[in-house]
**Q** 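Please find one structure pasted underneath; my questions will follow.
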Number of protein chains: 2
Amino acid sequence: MTTASKTVSDVIHSHLGVLTRAEKQLAESLLDNYPVSGLGSITTIAENAGVSTPTVVRMVQKLGFKGYPDFQAHLHQEVEATISNPIAKHDRWAQNAPGTHILNRFADAIMGNLRQTLTDLDTATFDNVAALLSDRKRGLYFAGGRITGALAEYFFTHMQVIRPATTLLSSNSSSWPQYVLNMNAGDVLIIFDIRRYEQEMVSLATAARKRGAEIVVFTDQWGSPAAKLARHAFRVRIEAPSAWDSSVVTLFIVEALIEAVQNSTWDETKERMKTLEGLFEQTKLFRKPG
Amino acid sequence: MTTASKTVSDVIHSHLGVLTRAEKQLAESLLDNYPVSGLGSITTIAENAGVSTPTVVRMVQKLGFKGYPDFQAHLHQEVEATISNPIAKHDRWAQNAPGTHILNRFADAIMGNLRQTLTDLDTATFDNVAALLSDRKRGLYFAGGRITGALAEYFFTHMQVIRPATTLLSSNSSSWPQYVLNMNAGDVLIIFDIRRYEQEMVSLATAARKRGAEIVVFTDQWGSPAAKLARHAFRVRIEAPSAWDSSVVTLFIVEALIEAVQNSTWDETKERMKTLEGLFEQTKLFRKPG
DNA sequence: GCCGTCATGAAAAGAAATTTTCAGCGGATG
DNA sequence: CATCCGCTGAAAATTTCTTTTCATGACGGC
């Protein structure tokens with residue numbers, strides 16, 4: 001058997017390219033909640049995927065199986081392997097990987113971080129920050145450090161699409177005073193400051209506050225000194241089985257905020273996104289002849 | 001549903017007293033390697049237990065199921081519950097928040113993405129990429145798109161500390177050819193390309209491959225066209241209850257890779273980090289008097 | 001705009017599963 | 001020892017699932 005070593009999931013992936021529309025649709029449905037979704041009869045999975053039963057037969061044959069029963073037998077074997085594997089019993093993450101694989105250890109850590117962070121987090125804080133960022137009258141300024149700069153940029157990039165008056169502070173802290181100069185009372189400064197807290201962040205926060213800006217800080221559980229100056233602070237768990245801290249949960253909060261802000265003014269955002277699409281198209285036209 | 005609380009296993013146990021010899025034999029067979037042993041057809045499990053098919057029908061009806069299909073449906077549900085990560089299933093994340101709060105919905109989605117991604121991910125791919133990135137003889141180049149640029153930058157920032165010969169491609173794609181010009185055979189190009197795949201990525205990948213570079217792609221489950229040119233591809237689930245895609249799981253893989261690479265050459269990395277600390281100190285000294 | 005090719009699902013045909021029927025068998029009882 | 005009762009599985013009947021066939025419609029090339 002050729003499929004002895006490869007999982008059904010692998011086989012599907014390696015064939016994704018040669019699948020037709022309906023077959024892709026079916027493949028998606030199977031991979032979603034794999035491998036349990038393939039447990040039922042051919043009729044059931046065809047219905048779940050919204051395709052006809054012949055499509056199922058054609059696809060599994062295209063994948064190299066003799067027929068649907070053959071396909072399902074392989075799936076059953078995989079389910080069996082997954083369930084009866086003693087390591088898999090508790091936390092089954094990456095299959096075929098020993099429980100000590102870095103991916104599994106990381107997954108465990110991230111899960112713990114997420115859970116702890118959400119337990120500690122006051123949803124009122126979240127909602128208040130979302131409201132603050134949704135307020136079009138307030139200018140937004142994003143600042144990050146050496147490592148967290150990427151998070152600030154990610155946040156900024158999204159907010160820039162959603163609303164006007166957003167600014168990303170250059171990574172070069174010597175230029176920060178110029179940004180502060182432009183801040184008005186009521187503007188919001190979003191600061192990322194984690195572990196090895198950077199001295200410049202406190203200076204930035206102090207200066208911004210003097211100008212009447214509201215400050216939102218993303219920091220770790222121990223708290224950046226800048227958090228003391230902040231109106232709102234997110235204390236995120238950042239522990240990882242690594243010499244580095246994990247930014248995964250921080251990014252999680254950021255994405256949730258992006259959605260919350262966007263959602264609060266969806267009509268306006270939609271218009272902006274449409275316009276942006278148009279601008280992208282134009283840019284392409286500019287570029288094509290070049 | 002009455003069986004929502006009781007498992008099939010419970011039901012069998014509670015009926016053990018009223019079962020006949022052949023039925024007990026069947027029950028034993030089912031409980032042995034439960035619940036996988038009940039995955040097949042009635043014929044299969046009858047054969048495995050060494051009883052006739054009518055015995056199976058009679059027993060499941062005695063247990064309170066309408067018939068074999070009904071019995072099997074319950075078993076499938078249990079298999080699903082066993083396989084699905086128990087933590088991901090738990091009802092509420094942030095306490096005191098309604099289950100429909102954006103934070104909770106996001107947490108559910110992210111956990112699903114993580115689980116699915118790790119299920120689909122081949123750990124060999126991960127290990128191979130880690131080895132590739134650990135090889136000091138290879139230069140590393142990081143490229144991202146409009147949104148994924150921040151991920152590329154995050155990855156780059158860490159790798160830059162861990163090892164020499166790392167380059168972040170400017171976000172301005174018109175300058176990319178100059179980077180390709182400097183690539184040598186065996187160098188590694190790490191590309192982030194998700195959804196709205198950017199045409200330039202394919203051009204970049206093609207050009208880099210002509211220079212003999214190895215290509216690693218981070219993409220979504222549908223696959224960037226650049227993935228076809230890649231030696232290794234990570235297909236990450238990016239679905240979120242949002243108009244935007246989620247980068248959380250992608251960042252997760254990136255962080256795990258960072259740790260894997262660092263771990264493989266910890267001694268050297270330690271030296272580099274010490275030196276870096278020294279350099280930071282010096283910079284501060286420069287600045288203080290100013 | 002016509003033609004060929006291919007994807008797709010409805011429906012029929014075929015195969016397999018599930019359920020029912022029924023006869024044999026073995027142990028219990030008088 | 002005869003009889004009864006209920007367990008058991010072979011085999012038939014029934015239902016359901018799986019596969020094949022074929023008509024339709026979409027798409028691209030000429």
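These numbers come from the heavy atoms of this one structure, side chains and all, not from hydrogens, waters or symmetry mates. Fair warning: this is a prediction, and the values are worked out from it, not measured in the lab.
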**Q** Does a donor on one side chain and an acceptor on the other come within less than 3.5 Å for B/S247 and B/T250?
**A**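 There is no such pair (donor and acceptor under 3.5 Å, judged by atom type) between the side chains of B/S247 and B/T250.
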**Q** If you only use heavy atoms from C-beta on, which nucleotide in D/dT8, C/dT19, D/dT19 is closest to the side chain of B/Y68?
**A**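 Closest of the options to the side chain of B/Y68: C/dT19.
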**Q** Starting from C1' on D/dT18, measure out to CZ on A/F71 and report it in whole angstrom.
**A** 14 Å
**Q** Donor-acceptor pair, distance only, cut-off 3.5 Å: does the side chain of B/R211 make one with the backbone of B/A185?
**A**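 A pair under 3.5 Å: no.
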**Q** I need the B/D187 CG to B/R138 CZ distance, nearest 0.5 Å.
**A**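 Spacing of CG (B/D187) from CZ (B/R138) equals 8.5 Å.
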**Q** What's the closest nucleotide to the A/S52 side chain, out of C/dG9, D/dG9, D/dT19?
**A**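 Given the options C/dG9, D/dG9, D/dT19, the side chain of A/S52 is closest to C/dG9.
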**Q** Does C/dA7 have OP1 or OP2 sitting under 4.0 Å from an N or O in the side chain of A/R21?
**A** no
**Q** Taking B/S246 for its side chain and B/E239 for its backbone only, find out whether a donor-acceptor pair lies under 3.5 Å.
**A**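 Side chain of B/S246 to backbone of B/E239: no pair is present.
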**Q** Please report the distance, rounded to the nearest Å, between CZ in B/R58 and C1' in D/dG9.
**A**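 Whole-Å distance recorded here is 8 Å.
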**Q** Just the rounded figure in Å: distance from C1' of D/dT8 to CG of B/L19.
**A**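 One finds 15 Å between C1' of D/dT8 and CG of B/L19, rounded.
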**Q** Between atom NZ in B/K62 and atom C1' in D/dG6, what is the gap in whole Å?
**A**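 Rounding to the nearest Å, NZ of B/K62 and C1' of D/dG6 are 10 Å apart.
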**Q** In whole angstrom, give the distance that lies between atom NZ of A/K66 and atom P of D/dT20.
**A** 11 Å
**Q** For the ring pair B/H232 and B/F126, is the centre-to-centre distance below 6.0 Å?
**A**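 For B/H232 and B/F126, the ring centres are not under 6.0 Å apart.
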**Q** Note the angle between the end axes of the helix from C/dG1-D/dC30 to C/dG30-D/dC1, five pairs defining each, rounded to 10 degrees.
**A** 10°
**Q** Among B/L133, B/L168, B/L251, find the one that has a side chain to side chain contact (heavy atoms under 4.5 Å, CB included) with B/F155.
**A** B/L133
**Q** Using only side-chain N and O atoms of B/T55, determine if any of them is under 4.0 Å from OP1 or OP2 of D/dG9.
**A**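 For D/dG9, OP1 or OP2 has a side-chain N or O of B/T55 closer than 4.0 Å.
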**Q** Can you pull out the residues from residues 38-49 of chain B that lie within a 4.0 Å heavy-atom distance of DNA chain D?
**A**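 Residues of residues 38-49 of chain B that come under 4.0 Å of DNA chain D do not exist, since none gets that close.
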**Q** Measure the distance from CE on A/M59 to P on C/dG9 and round it to the nearest whole Å.
**A** 13 Å
**Q** When you measure from the side chain of A/P54, which nucleotide among C/dT8, C/dA10, D/dG9 comes out closest?
**A** C/dA10
**Q** Quick one: OG1 on B/T20 to CD on B/Q25, what's the gap to the nearest 0.5 Å?
**A**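 If I round to the nearest 0.5 Å, the distance is 9.5 Å.
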**Q** Compute whether any side-chain donor of one residue and acceptor of the other, for B/S203 and B/T206, lie under 3.5 angstrom apart.
**A**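 No.
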**Q** Pick base, sugar-phosphate or nothing for A/Q25, based on heavy-atom distances below 4.0 Å to the nucleic acid.
**A** nothing
**Q** Do B/H76 and B/L39 touch side chain to side chain, with heavy atoms closer than 4.5 Å?
**A** yes
**Q** Side chain of B/T20 only, heavy atoms from C-beta on: which candidate in C/dT18, C/dT8, D/dC7 is closest?
**A**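 Shortest atom-to-atom distance from the side chain points to D/dC7.
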**Q** Using the closest heavy atom to pick a nucleotide of DNA chain D for each, name whichever of B/T53 or B/A22 lands nearer the 5' end.
**A** B/A22
**Q** Without decimals, in angstroms, what is the distance between B/L26 CG and D/dG9 C1'?
**A** 14 Å
**Q** Would you mind reading off the distance between A/K24 atom NZ and C/dT8 atom P, rounded to a whole angstrom?
**A**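 After rounding, the gap between these two atoms is 10 Å.
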**Q** If you take all heavy atoms of B/L26 and B/I45, which pair is closest and at what distance?
**A** CD1-O, 4.3 Å
